[in-house]
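Take a look at the structure set out below.
Predicted model only: the values in this text are computed from it and were never measured. Convention: sequence-line order gives letters A, B, ...; per-chain numbering from 1.
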Amino acid sequence: MSEKLRRVIIEPVTRVEGHGKVSILLDKENKVKQARLHIVEFRGFERFIKGRPFWEVPVLVQRLCGICPVSHHLAAAKAMDRIVGGEKLTPTAEKMRRLMHYGQFFQSHSLHFFHLVSPDLLFGFDADPAIRNVIGVAKKFPDLAVQGVMMRKFGQEVIKATAGKKIHGTGAIPGGVNKNLSIEERDFLLKDIDQMVVWARSALKIAKDYTVEHLEKLAPFGSFESNHMSIIRKDGAMDLYDGGLRAIDEDGNKIFDHVDNQLYTDYLIEEVRNWSYMKFPFIRSIGPENGWYRVGPLARINCCDFIDTPEAEAARKEFMAVTNNKPNNISMAYHWSRMIETLHSIEKIKQLLNDKDLQGNDLVVKGQRREHAVGIIEAPRGTLIHQYEVDENDQVVMANLIVSTTHNNEPMNRAVQKVANDHLSGVEITEGLLNHVEVAIRAYDPCLSCATHAMGKMPLTVELFDNEGNLLDRKSK
Amino acid sequence: MAEDVKQVLLFGYGNPGRLDDGLGPALAEEVEKLSLPGVKVDSDYQLTVEDAAEVAKYEIVIFADASVNCAEPFEFKPLESKAELSFSSHSVEPGAVMALAEELFGCLAKCFILGIRGYEFNEFGERLSEKARANLLATVGFIENKIRTGNFD
């Protein structure tokens with residue numbers, strides 16, 4: 001590109017995207033009294049799908065998010081399986097959906113790790129933001145950056161082969177799937193699978209080594225004890241696609257276990273707070289004060305008894321040993337746990353690609369029609385709940401979605417409060433504080449596209465108020 | 001028509017389920033129908049890092065997106081590569097895709113950004129507003145002419 005072109009400064013064309021705003025309120029002594037993460041949740045989607053025929057829903061819900069459309073697709077499809085009485089899928093259908101789901105995990109976790117987290121880990125969170133970014137990684141560690149891009153691309157190829165296309169796939173339909181995996185598609189994916197396993201191991205090693213080497217610094221960073229929740233297989237194995245709900249407390253004691261997905265509202269409830277558009281879910285039996293919980297990679301590793309793939313299970317054991325096999329409550333350990341799941345996903349993809357059931361032709365089942373259904377899945381960022389009512393005319397009359405970012409609302413607020421307490425000095429927002437707040441939020445990888453929509457470029461804004469509510473400082477990045 | 005047909009990638013992005021945010025994919029759809037020589041059309045909800053590998057294969061790359069505040073009916077500008085670090089995996093700016101394409105894949109493409117002015121974004125709905133649709137039509141004509149003449153200097 002010519003020098004002339006390089007000098008032109010172009011503001012990004014605006015995106016309709018979510019944004020994050022942090023407000024910090026000081027007391028009379030200028031100590032942090034309260035810190036809040038404001039996410040403007042847009043709940044119009046439930047209204048948008050009312051009146052639509054139920055079979056359209058697994059496709060429509062992919063409009064919610066460009067990064068995790070597959071998770072919404074599968075959660076909605078699981079709910080619609082029950083609507084058509086087809087929740088016991090054929091082996092081909094279940095394995096095709098699982099393959100799609102592991103492809104989604106692999107691409108989403110790889111994107112998060114290489115694009116967002118690796119700069120922090122490779123350069124340190126205090127490094128100059130001009131270097132501490134994905135381009136900085138590309139310049140200094142080009143092989144690693146290429147790995148990240150190619151891992152994400154491979155996950156997308158798995159999705160394309162199972163969902164029919166890269167975006168807005170139609171693979172999962174009520175009661176099954178609409179295609180199997182051809183031999184050509186299988187062989188195309190198998191060609192690169194061993195390389196992907198090697199790269200997933202390497203990414204896991206980076207995350208593990210960094211966490212272990214910096215444990216003293218990371219352990220208190222934005223950390224707190226909490227409950228954890230995920231779905232779990234009947235034998236206690238991690239299962240990202242299907243299972244009953246399990247919640248544990250900070251010591252690992254079970255709060256509930258193997259809860260039927262259809263009964264989730266007996267165990268969880270969402271609270272509305274006047275300062276936030278996003279709801280705050282909590283465990284009914286404990287109440288709002290202490291009943292909040294974390295979801296996502298950290299919660300899943302804490303909740304499961306084991307992982308059913310050998311390399312990820314070995315990695316889980318190493319991970320749990322750091323906290324003497326008690327739940328790990330270190331927020332920054334999300335990154336290590338995310339990479340364990342990345343390795344698990346590619347191990348699962350490899351197993352599935354060698355399974356001949358994927359070439360089967362028995363794709364759809366149906367049974368007794370129902371009007372109410374819940375579909376729960378573990379999305380990359382955490383538990384995703386889709387609940388629907390469908391009338392006798394096959395139209396959706398009620399929908400309620402609880403996305404992982406909503407489950408993690410209270411924990412993200414706690415993380416921000418902790419970081420503000422530990423890193424605010426004086427009455428101005430320093431670059432250091434801004435960076436630390438950003439690092440704490442990023443650990444949870446909030447899904448702002450589905451949780452929120454706001455006009456304009458997506459910034460992270462931090463505002464500081466005195467004890468009378470006067471704005472003292474405001475910074476964005 | 002230009003004798004030397006340039007290899008062009010037109011990448012329209014945005015969420016067609018969010019009213020005028022779907023202008024990028026809508027443009028991609030319209031340009032695809034024209035079957036212009038040397039032009040590959042792609043679209044997605046948003047840009048991601050692996051788009052860098054694709055971008056590097058072309059001489060000319062046009063990122064087309066809805067804009068809430070550009071001049072009507074559209075703005076077409078050269079793009080500068082840009083390093084960035086977001087706090088969310090849900091947004092990669094075109095300048096960052098270009099920077100990755102240059103750093104990792106030896107991209108030499110001239111990249112441009114095409115903002116199409118939109119007006120309604122804050123609801124779910126698979127339709128464009130009337131004014132946005134008019135802007136889209138103007139943009140299609142402009143891009144067709146640009147590509148057919150091959151004038152990107």
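- For A/Lys139, the NZ atom sits in a loose shell: 12 or fewer heavy atoms of surrounding residues, nucleotides or ligands are nearer than 6.0 Å.
- Tested against B/Glu50, the residues A/Lys153, A/Met150, A/Met151 include a single side chain to side chain contact (heavy atoms under 4.5 Å, CB included) partner, A/Lys153.
- Contact of A/Ile49 with chain B is not made at all, since no heavy-atom distance falls under 4.5 Å.
- Across A/Ile135 and B/Ala96, no two heavy atoms sit closer than the pair CD1-O, 3.8 Å.
- In terms of modelled atom types and a separation under 3.5 Å, the side chain of B/Tyr45 and the main chain of A/Gln62 share a donor-acceptor contact.
- Heavy-atom minimum distance, B/Leu104 versus A/Ala145: CD2-CB, 3.6 Å.
- Rounded to the nearest 0.5 angstrom, A/Gln156 CD and B/Thr48 OG1 are separated by 6.0 Å.
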